[in-house]
2 protein chains.
Amino acid sequence: MQEYDTYKGLLHSNGLKNTKRRNLILDILAQTEQPLTVDQIFLELKQKDISINISTVYRIVETMVSRDLVIKTNLNGESKTFFELNRKEHGHHIICMNCKQMFWLDDCPLDDYCDLLQEKTGFDITGHKLEIYGYCQKCK
Amino acid sequence: MQEYDTYKGLLHSNGLKNTKRRNLILDILAQTEQPLTVDQIFLELKQKDISINISTVYRIVETMVSRDLVIKTNLNGESKTFFELNRKEHGHHIICMNCKQMFWLDDCPLDDYCDLLQEKTGFDITGHKLEIYGYCQKCK
DNA sequence: TTAGTTGCAAATCGTTTGCATCAAG
DNA sequence: CTTGATGCAAACGATTTGCAACTAA
């Protein structure tokens, strides 16, 4: 087997075997800014004539999530779960309500607010999730 | 039938018939700050010795959502959908990751940021959703 | 009286699991 | 050779639907 070693090091350093499917799925996630559902990943693989079982896709993305390589997200109004590569930068998505495209925003206006809130509420605040909704240039 | 007319006006003005179950469900949602799942609502009704079918609960909350009386939310890491009364005030939830309680925050730090973003991205921004995660005073 | 509401059972959808086989290390 | 990875089919939990009976207006 050749050509599927792009993520060999990453996989091994996380205690995972280097397999063709894992490489392919990481590759798909790396090549888009969009969080993807399991069946979107499954379909992309099908289009590349890769035979894979959908339960394998579920298992692979969940394994990646447990290793912190992938982030799992639920979006408002969507029953399916989305997965995106963990690029280890903090940011949020701005989402077009018409075409459903999601664009990455690498700035975050919430750091000061969270500090403030921590004092005000007595919570130990560990994170937050922000989604911006609207219509993109094409759809508006 | 008496005692179930609290929301009669509200229901009628939204083109809905005034029924016992709708009144009860609106009442449950009105009496808590917590967004509830369908089966939490179902259980509360059971505890009040109200017989209702779970599919009726689903239909009632969805009807309320379509009339904008109730807000439907998906939360990160939860497979079930939550429903809360639409109190028509803007705000967000701060959520305890241990006990899962959600507290309402009636301030929002994002108005200026959204204006800014609208110019920067060319999006027509219509809304946003913010959740703050952490551990509450009791659980931390 | 009639259109909208509810209960019930079955269907559907997204996701998970058990087990046998297979492949990476 | 050993452990973890995958395929397959069956199970599962949340939600939706079709249809008949019912009830508010």
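Since we're looking at a predicted model, the values are computed, not measured. Per chain, numbering begins at 1; letters A, B, ... match sequence-line order.
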Are any of the side-chain nitrogens in A/Glu44 or A/Lys46 under 4.0 Å away from the carboxylate oxygens of its partner? no
Check the distance between C/dT17's C1' and A/Glu62's CD and give it to me in whole angstrom. 13 Å
B/Glu84 versus B/His93, side-chain donor and acceptor atoms under 3.5 Å: yes
Among the candidates D/dT17, D/dG7, D/dT15, find the nucleotide nearest to the side-chain atoms of B/Ser55. D/dT17
Let me spell it out: for each of B/Asp39 and B/Leu16, pick the nucleotide of DNA chain D with the closest heavy atom. Which residue's pick is nearer the 5' end? B/Asp39
Distance check: side-chain N/O of B/Thr63 vs OP1/OP2 of C/dT5, anything under 4.0 Å? no
State which of C/dG14, C/dT6, D/dG7 makes the closest approach to the side chain of B/Thr19. C/dT6
Would you say a side-chain N or O of B/His12 is under 4.0 Å from OP1 or OP2 of D/dA25? yes
Report yes or no: do B/Ile95 and A/Tyr113 belong to one cluster of Ile/Leu/Val/Met/Phe/Trp/Tyr joined by side chain heavy-atom distances under 4.5 Å? no
Within the structure, does a side-chain N or O atom of B/Thr56 lie under 4.0 Å from either OP1 or OP2 of C/dG7? yes
Given the structure, check if the side chain of A/Lys17 and the base of C/dA23 hold any donor-acceptor pair shorter than 3.5 Å. no
Whole angstrom value for the distance that separates C1' of C/dT15 from CD of B/Glu78: 15 Å
Between the side chains of A/Asn76 and A/Tyr133, does any donor sit under 3.5 Å from an acceptor? no
From CG of B/Asn74 over to P of D/dA14, roughly how many Å is that when rounded to an integer? 14 Å
Could you check how far CG of B/Leu45 sits from P of C/dT6, rounded to whole Å? 12 Å
Report yes if a donor N or O on one partner sits less than 3.5 Å from an acceptor N or O on the other, where the partners are the side chain of A/Arg21 and the base of D/dG7; otherwise report no. no
In whole angstroms, how far is the C1' atom of D/dA25 from the NZ atom of B/Lys20? 19 Å
Sugar-phosphate only, base, or nothing, as touched by B/Thr37 at under 4.0 Å among non-hydrogen atoms: nothing
Polar side chain donor-acceptor pair, A/Asp27 to A/Gln31, under 3.5 angstrom: yes
How many whole angstroms separate atom CD1 of A/Ile60 from atom C1' of C/dT16? 15 Å
Quiz question: by atom type and distance under 3.5 Å, do the side chains of A/Asp5 and A/Asn23 form a donor-acceptor pair? no
Choose from D/dG7, C/dG14, C/dT16 the nucleotide whose nearest atom is closest to any side-chain atom of A/Lys80. C/dG14
How close or far is atom P of C/dG4 from atom CZ of B/Arg22, stated in whole angstroms? 11 Å
Whole angstroms only, please: what is the CG-P distance between B/Leu43 and D/dA14? 11 Å
C/dT15, OP1 or OP2 - any side-chain N/O from A/Tyr58 closer than 4.0 Å? yes
Is the shortest side-chain N/O distance from B/Arg59 to OP1 or OP2 of C/dT5 below 4.0 Å? no
Short side-chain N/O contact to C/dG14 OP1/OP2 from A/Thr81, under 4.0 Å: no
